[in-house]
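I have placed the structure first, in the form of structure tokens, so that the comments after it can refer back to it.
The sequence lines fix the lettering, A, B, ..., with proteins before strands; numbering per chain opens at 1. These numbers come from a predicted model, not from an experiment.
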Number of protein chains: 2
Amino acid sequence: MNPRTSTNPSNLNVLGLTEAPEHSDCRAVSTVLARVGDKWSVLVIMLLVDGTKRFNELKRMIGGISQRMLTLTLRGLERDGLVTRTVFPTIPPRVDYELTDLGRSLAEPVKALGMWAFDNMPDIQAARQHFDTKND
Amino acid sequence: MNPRTSTNPSNLNVLGLTEAPEHSDCRAVSTVLARVGDKWSVLVIMLLVDGTKRFNELKRMIGGISQRMLTLTLRGLERDGLVTRTVFPTIPPRVDYELTDLGRSLAEPVKALGMWAFDNMPDIQAARQHFDTKND
DNA sequence: CTGTATCCGACGTGATACTG
DNA sequence: CAGTATCACGTCGGATACAG
């Protein structure tokens with residue numbers, strides 16, 4: 001995710017939450033969901049749960065991510081205080097990424113969601129197939 | 001979300017999961033996260049937890065959603081078997097949307113995530129502000 | 001009331017090339 | 001190794017108009 005868009009006021013406006021201040025919890029939900037819902041953040045978080053990783057190490061483990069997107073994803077996570085970025089000024093350079101306590105605490109509810117997805121995948125796929133064939 | 005994109009193979013390809021079949025759980029996580037992460041689905045699910053709602057009722061409660069996006073969101077949720085759509089062939093027409101058991105079960109981990117977001121919002125906002133001012 | 005159809009701008013993403 | 005810069009493309013989402 002582009003860090004610039006995370007706090008973009010328009011993201012809140014379109015949610016209709018600015019004119020409904022009593023739903024401040026919805027704003028919080030939306031921002032975290034924006035992070036969790038983006039294409040790569042969760043994958044990175046899950047990989048970092050097992051310990052500190054280097055840039056290319058993450059890139060290799062994910063497999064399908066571009067250099068650009070991994071950089072953007074890690075910057076976004078760093079900005080939100082979910083991962084720390086440690087640079088070793090060596091040649092060649094080495095950068096370690098590690099989950100913060102906040103990041104580790106996020107991993108818990110995310111794992112719960114992931115387990116739900118895994119458990120209910122058959123139902124969802126069946127529902128999709130049924131829906132799609134019904135509207136051939 | 002556009003229902004046509006939910007099962008778009010490219011969504012899986014770019015995740016690098018097609019060439020890593022041993023990470024089948026990651027595929028499941030990704031698809032549910034795509035749904036949870038989209039702009040409106042979670043909001044709709046949360047509103048439907050309290051009971052059956054009509055189209056314009058949802059539209060009014062959300063406030064900032066366009067007719068088009070509410071339709072697309074509801075279609076996506078229906079396709080995944082998370083909500084049911086009941087049409088009353090009256091004049092004027094009336095359509096009720098209700099959470100399925102599957103949808104209600106999804107609400108649980110989503111709520112957990114929402115509570116995490118609410119609880120940690122101060123930390124995240126502080127981290128963002130710190131990050132942004134640091135890189136003025 | 002509950003949609004569908006169309007247009008259009010904005011953003012996310014990937015590919016590629018380049019840098020320290 | 002770990003990025004940054006640039007471009008090109010596709011999709012998402014809003015606005016508007018129209019329909020049953």
Side-chain angles (χ1 to χ4, degrees), chain A residues 1-16 30 33-41 43-44 52-78 83 85-97 135, chain B residues 1-16 18 30 33-35 37-41 43-44 52-78 83 85-97 135:
Chain A
M1 160 180 311
N2 184 347
R4 292 291 159 217
T5 63
S6 309
T7 50
N8 186 339
S10 68
N11 279 343
L12 305 177
N13 286 333
V14 292
L15 281 170
S30 298
L33 258 38
R35 173 139 314 294
V36 161
D38 81 11
K39 212 170 181 179
W40 306 107
S41 292
L43 238 29
V44 171
T52 301
K53 301 260 181 308
R54 300 182 55 175
F55 185 88
N56 270 356
E57 200 170 354
L58 286 169
K59 189 168 186 311
R60 231 176 313 110
M61 294 177 79
I62 296 179
I65 193 172
S66 64
Q67 214 161 25
R68 169 191 150 85
M69 287 317 297
L70 183 52
T71 301
L72 287 177
T73 300
L74 288 168
R75 286 289 184 284
L77 293 173
E78 184 193 3
V83 308
R85 179 171 178 270
T86 314
V87 182
F88 299 86
T90 57
I91 308 270
R94 171 202 178 119
V95 182
D96 281 0
Y97 292 93
N135 312 45
Chain B
M1 159 178 310
N2 184 346
R4 295 289 161 217
T5 63
S6 309
T7 50
N8 186 340
S10 68
N11 280 342
L12 305 176
N13 287 331
V14 291
L15 281 169
T18 49
S30 298
L33 259 39
R35 172 139 316 293
D38 81 10
K39 212 171 181 177
W40 306 106
S41 292
L43 239 29
V44 170
T52 301
K53 300 258 183 310
R54 299 181 57 176
F55 185 87
N56 269 358
E57 202 171 354
L58 286 169
K59 190 168 187 308
R60 233 178 310 111
M61 294 178 79
I62 296 179
I65 193 172
S66 64
Q67 215 162 25
R68 169 190 149 88
M69 288 318 295
L70 182 53
T71 300
L72 287 177
T73 300
L74 289 168
R75 285 291 183 286
L77 294 173
E78 184 193 3
V83 308
R85 179 171 179 270
T86 313
V87 181
F88 299 87
T90 58
I91 306 276
R94 170 202 177 122
V95 181
D96 280 1
Y97 291 93
N135 312 44

Establish, with yes or no, whether the OP1 or OP2 oxygen of [N] is under 4.0 angstrom from a side-chain nitrogen or oxygen of [X].
X: B/Lys59; N: C/dC1; result: no
X: B/Arg85; N: C/dG3; result: yes
X: A/Arg54; N: D/dC1; result: no
X: B/Arg75; N: C/dT2; result: no

Legend entry - Closest contact, heavy atoms only, A/Val83 versus A/Leu74: CG2-O, 4.0 Å
In this structure, how many angstroms lie between the [atom2] atom of [N] and the [atom1] atom of [X], rounded?
X: A/Ile65; N: C/dG14; atom1: CD1; atom2: P; value: 7 Å
X: A/Asn56; N: D/dG3; atom1: CG; atom2: C1'; value: 10 Å
X: A/Met69; N: D/dT11; atom1: CE; atom2: C1'; value: 14 Å
X: A/Glu57; N: D/dC1; atom1: CD; atom2: C1'; value: 13 Å
X: B/Arg68; N: C/dC8; atom1: CZ; atom2: P; value: 14 Å
X: B/Leu72; N: D/dG13; atom1: CG; atom2: C1'; value: 9 Å
X: B/Gln67; N: D/dA19; atom1: CD; atom2: P; value: 15 Å
X: B/Leu74; N: C/dT2; atom1: CG; atom2: C1'; value: 11 Å

Between [atom1] on residue [X] and [atom2] on residue [Y], distance to nearest 0.5 Å:
X: B/Ile65; Y: B/Leu70; atom1: CD1; atom2: CG; answer: 4.5 Å
X: B/Ile62; Y: B/Lys53; atom1: CD1; atom2: NZ; answer: 11.0 Å
X: B/Tyr97; Y: B/Glu78; atom1: OH; atom2: CD; answer: 7.0 Å

Inset, instruction - Map B/Pro93 and A/Val87 onto DNA chain D by nearest heavy atom, then report which one ends up closer to the 5' terminus. - result: A/Val87
Inset, instruction - Show your working on side chain to side chain contact (heavy atoms under 4.5 Å, CB included) between A/Arg75 and A/Leu72 and close with a plain yes or no. - result: CA-CA 5 Å; A/Arg75 286 289 184 284; A/Leu72 287 177; 5.6 Å; no
Inset, instruction - Could you check whether A/Tyr97 gets within reach of a base, just the sugar-phosphate, or nothing at all, counting any heavy atom under 4.0 Å? - result: sugar-phosphate
Inset, instruction - Using five base pairs at each end, measure the axis-to-axis angle across the helix from C/dC1-D/dG20 to C/dG20-D/dC1 and round it to 10 degrees. - result: 40°
